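Inspection log for the structure reproduced underneath, given as structure tokens.
Just so you know, these numbers come straight off a predicted model, no measurement behind them.
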Amino acid sequence: MKQKVICLTKPIREEAIRSLYCSTHPRSLAIADLGCSSGPNTLFVVSEFIKIVEKLCRELNHKSPEYKVFLNDLPGNDFNNIFKSLDSFKEKLCDEMESGIGPCYFSGVPGSFYGRVFPYQSLHFVHSSYSLQWLSKVPEGVDNNKGNVYIGSTSPKNVVRAYYEQFQRDFSLFLKCRAEELVEGGRMVLTFLGRRSDDPSSKDGCYIWELLATALSDMVLQGIIREEQLDTFNIPQYTPSPSEVKLEVLKEGSFAINRLEVSEVNWNALDEWNALDFESERSESLSDGGYNVAQCMRAVAEPMLISHFGEAIIEEVFCRYQQILAERMSKEKTKFINVTILLTRKA
């Protein structure tokens with residue numbers, strides 16, 4: 001899913017990179033990918049960035065710049081796995097560009113991006129995809145969010161407000177820190193898992209978690225987990241609307257907004273099957289889709305679930321969750337909403 005989103009937002013990144021290079025012509029370019037993770041998509045945006053700059057250099061008859069690439073995530077990220085792949089990454093990139101590329105220097109930078117991570121005015125370009133919807137912590141004052149694991153249709157108003165205020169604090173701090181780390185005229189492209197609606201409890205922002213809460217609630221009813229365990233479990237996430245993202249940028253004041261766009265990705269990557277007339281194939285597609293979405297969410301939610309409920313319930317939770325997802329996906333079009341913003345650091 002993350003790769004689909006990265007592909008969808010490519011035109012915005014390309015605009016950012018071209019305008020950055022053409023306005024500054026730097027001999028050395030510093031790029032940071034925040035929340036880089038360590039999977040197959042980790043170096044995708046870096047590769048794309050270097051290719052775009054190298055093509056521009058050919059067009060303008062410029063010498064290739066040096067590239068300083070900073071990969072940031074929390075300290076528990078598998079940076080060693082990324083470092084092991086760097087030689088083959090550089091070789092592949094040189095082969096694809098034929099005439100070679102400028103020197104590349106890579107660094108892993110562990111730490112939360114809700115704080116300073118880089119030296120003053122040391123970056124030209126910052127990218128983050130599917131990381132900023134994660135809050136620095138579960139909001140305080142959400143103890144009465146019974147039966148929910150995030151904002152849901154039955155969440156009290158104080159819970160919705162607490163989540164929104166935590167998002168405001170976190171994103172404002174993020175912008176302030178990046179404003180200090182980026183050079184004047186530096187660009188930033190951020191993609192959030194978000195929502196179209198202005199209502200935080202609308203389906204397009206929280207449905208995926210409501211269905212996980214349904215699986216957990218069923219297990220409460222059957223005595224597999226205790227009710228108070230569910231009632232004290234909340235996900236530290238907030239899926240903002242475009243207007244909420246824009247408001248924080250305008251309030252913080254260090255960045256000009258160049259683009260603000262919304263895109264969507266089907267939960268079911270196999271939705272192409274939907275056009276087929278064969279009911280058995282359609283049914284199989286939905287079953288596979290339920291499995292794929294459950295696995296995707298498992299990668300995200302499992303550590304939090306284990307920490308709160310223990311490991312013994314995990315297989316049962318995701319087996320139930322998969323069935324609920326497949327059943328929902330058979331009845332309605334389910335989509336993830338993405339909010340992408342391109343910002344320029346003001347002088």
Side-chain angles (χ1 to χ4, degrees), residues 74 112 114 130-174 192-245 247-248 251 267 293-294 297-298 300-314 316-318 320-321 323-325 327-328 332 334 336-337 339:
L74 294 171
S112 168
Y114 293 126
Y130 267 32
S131 296
L132 272 162
Q133 68 271 7
W134 292 106
L135 301 172
S136 62
K137 62 177 184 177
V138 173
E140 291 171 15
V142 296
D143 305 341
N144 59 334
N145 197 22
K146 298 194 181 302
N148 296 297
V149 299
Y150 174 52
I151 298 169
S153 51
T154 60
S155 292
K157 284 183 179 175
N158 70 289
V159 169
V160 178
R161 188 168 58 252
Y163 266 99
Y164 177 48
E165 288 173 355
Q166 186 66 47
F167 162 75
Q168 287 181 299
R169 283 191 294 273
D170 284 346
F171 188 41
S172 177
L173 180 58
F174 174 90
F192 303 75
L193 186 60
R195 63 180 197 279
R196 287 187 190 276
S197 170
D198 283 330
D199 176 9
S201 63
S202 64
K203 262 188 172 182
D204 63 357
C206 57
Y207 197 34
I208 195 89
W209 292 117
E210 282 204 56
L211 298 182
L212 178 61
T214 300
L216 290 165
S217 294
D218 289 346
M219 292 171 71
V220 168
L221 289 173
Q222 292 173 18
I224 301 168
I225 58 179
R226 299 193 316 278
E227 187 173 8
E228 58 269 25
Q229 278 185 298
L230 174 55
D231 289 344
T232 53
F233 179 67
N234 290 287
I235 301 285
Q237 182 178 308
Y238 187 79
T239 49
S241 67
S243 60
E244 289 172 342
V245 172
L247 179 63
E248 293 313 308
K251 273 181 6 191
W267 285 10
V293 178
M297 295 301 292
R298 182 169 182 165
V300 170
E302 184 169 356
M304 291 181 281
L305 288 163
I306 289 175
S307 167
H308 189 82
F309 296 98
E311 203 157 352
I313 67 149
I314 295 299
E316 178 74 12
V317 169
F318 284 99
R320 288 168 183 258
Y321 190 35
Q323 290 169 352
I324 292 167
L325 287 165
E327 191 264 336
R328 284 291 92 203
E332 55 192 297
T334 46
F336 291 112
I337 307 298
V339 177

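- Within a 6.0 Å radius of CD in Glu228, other residues, nucleotides and ligands contribute more than 12 heavy atoms.
- In terms of heavy atoms, Pro139 sits closest to Ala162 at CB-O, 3.5 Å.
- Counting heavy atoms from C-beta on, the side chains of Val317 and Leu212 come closer than 4.5 Å.
- Across all non-hydrogen atoms, the minimal contact from Cys206 to Ser202 is SG-O, 3.3 Å.
- No side-chain donor-acceptor contact under 3.5 Å links Arg320 and Gln323.
- In the displayed structure, Glu311 atom CD is contacted under 6.0 Å by at most 12 heavy atoms of other residues, nucleotides or ligands.
- Remark: the backbone N or O of Ala213 is paired with a side-chain donor or acceptor of Ser217 at under 3.5 angstrom.
- Glu244 has its side chain within reach of Tyr238: a pair of non-hydrogen atoms, C-beta onward, lies under 4.5 Å apart.
- A perpendicular orientation is assigned to the rings of Phe192 and Phe167, their planes being inclined by more than 60° (bins at 30° and 60°).
- Side-chain contact between Pro156 and Lys146 is absent, with no heavy atoms from C-beta onward closer than 4.5 Å.
- Using a 4.5 Å cut-off on side-chain heavy atoms (C-beta onward), Ile314 and Arg298 make contact.
- Side-chain atoms of Ser197 and Asp199 form no donor-acceptor pair, as typed in the model, at a separation below 3.5 Å.
- Looking only at side-chain heavy atoms (C-beta outward), Glu332 and Tyr207 come within less than 4.5 Å of each other.
- Not less than 6.0 angstrom separates the ring centroid of Tyr130 from the ring centroid of Phe336.
- Here the CZ atom belonging to Phe309 is positioned 5.5 Å from the CG atom belonging to Leu230, to the nearest 0.5 angstrom.
- Contact annotation: the side chain of Phe233 never approaches that of Asn145 to less than 4.5 Å [non-hydrogen atoms, C-beta and beyond].
- Annotation: the span from Leu211 atom CG to Lys203 atom NZ amounts to 8.0 Å, rounded to 0.5 Å.
- In this structure, Gln229 CD and Leu216 CG are separated by 10.0 Å, a value rounded to the nearest 0.5 Å.
- A distance of 9.5 Å separates CD1 of Ile151 from CD of Gln237, quoted to the nearest 0.5 Å.
- Smallest separation of non-hydrogen atoms from Ile224 and Ile313: CG2-CG2, 4.5 Å.
- Shown here is Glu227, whose CD atom has no more than 12 heavy atoms of other residues, nucleotides or ligands within 6.0 Å.
- Pairing each heavy atom of Arg195 with each of Asp204, the nearest pair is CB-OD1, 3.2 Å.
- In this model, a donor atom of one side chain and an acceptor atom of the other lie less than 3.5 Å apart for Tyr150 and Thr239.
- Between the CD atom of Gln168 and the CG atom of Leu247 there is a distance of 7.0 Å, given to the nearest 0.5 Å.
- Put simply, the side chain of Pro236 reaches to within 4.5 Å of the side chain of Met304, judged on heavy atoms.
- One finds no salt bridge joining Glu210 and Arg328 here, because no Lys/Arg side-chain nitrogen approaches an Asp/Glu carboxylate oxygen to under 4.0 Å.
- When all heavy atoms are compared, the tightest approach of Val245 to Phe171 is O-CE2, 3.8 Å.
- If you run side-chain contact (heavy atoms from CB on, under 4.5 Å) between Trp134 and each of Asp170, Leu74, Leu193, Val300, only Val300 comes through.
- Taking the side chain as every heavy atom from C-beta outward, Met297 and Ile208 approach each other to under 4.5 Å.
- A distance of 10.0 Å separates CG in Asp231 from CG in Asp143, rounded to the nearest 0.5 Å.
- Heavy-atom minimum distance, Gly194 versus Val339: CA-CG2, 4.2 Å.
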